[in-house]
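Note that the coordinates shown come from a computational prediction; the quantities given were computed from them, not determined experimentally. Index from 1, following the sequence.
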Amino acid sequence: MTLVARFFAGVSAGAAWGMIAGYARRMVPDALRGRALAVAMVGTPIALTLGVPVGTLLGDLIGCALYSDSCLC
């Protein structure tokens with residue numbers, strides 16, 4: 001079950017990543033396309049860099065089962 005969930009999460013993330021790049025480039029004038037793409041793509045590395053340690057900390061503080069259940073709701 002976990003493998004299937006991870007597969008669909010990866011497919012969704014890949015589709016979103018590709019669409020965000022296209023939307024970011026189309027929403028701005030030609031001269032700002034590179035900057036728009038950079039701003040749009042910087043969110044994922046920041047979220048991973050901050051989200052994984054914060055999620056681990058919350059899991060340690062309030063218990064992994066409680067934290068996981070609250071994320072799935």
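For Met27, the CE atom sits in a loose shell: 12 or fewer heavy atoms of surrounding residues, nucleotides or ligands are nearer than 6.0 Å.
Between the side chain of Arg25 and the backbone N or O of Arg33, no donor-acceptor pair lies under 3.5 Å.
Residue Val11 is grouped with residue Val4 when hydrophobic side chains (ILVMFWY) are merged at heavy-atom distances under 4.5 angstrom, including chains of intermediate members. In terms of hydrophobic clustering, with Ile, Leu, Val, Met, Phe, Trp and Tyr side chains grouped at heavy-atom distances under 4.5 Å, Val42 and Leu50 are assigned to a common cluster. Under the 4.5 Å side-chain heavy-atom criterion for grouping Ile, Leu, Val, Met, Phe, Trp and Tyr, Trp17 is connected to Ile20 within one hydrophobic cluster.
Across every non-hydrogen atom of Ala36 and Ala24, the tightest pair is CB-O, 3.4 Å.
Atom CG of Leu57 and atom CG of Leu61 lie 4.5 Å apart (nearest 0.5 Å).
Applying the side-chain contact (heavy atoms from CB on, under 4.5 Å) criterion to Ala13, with sequence neighbours excluded, gives no partner residue.
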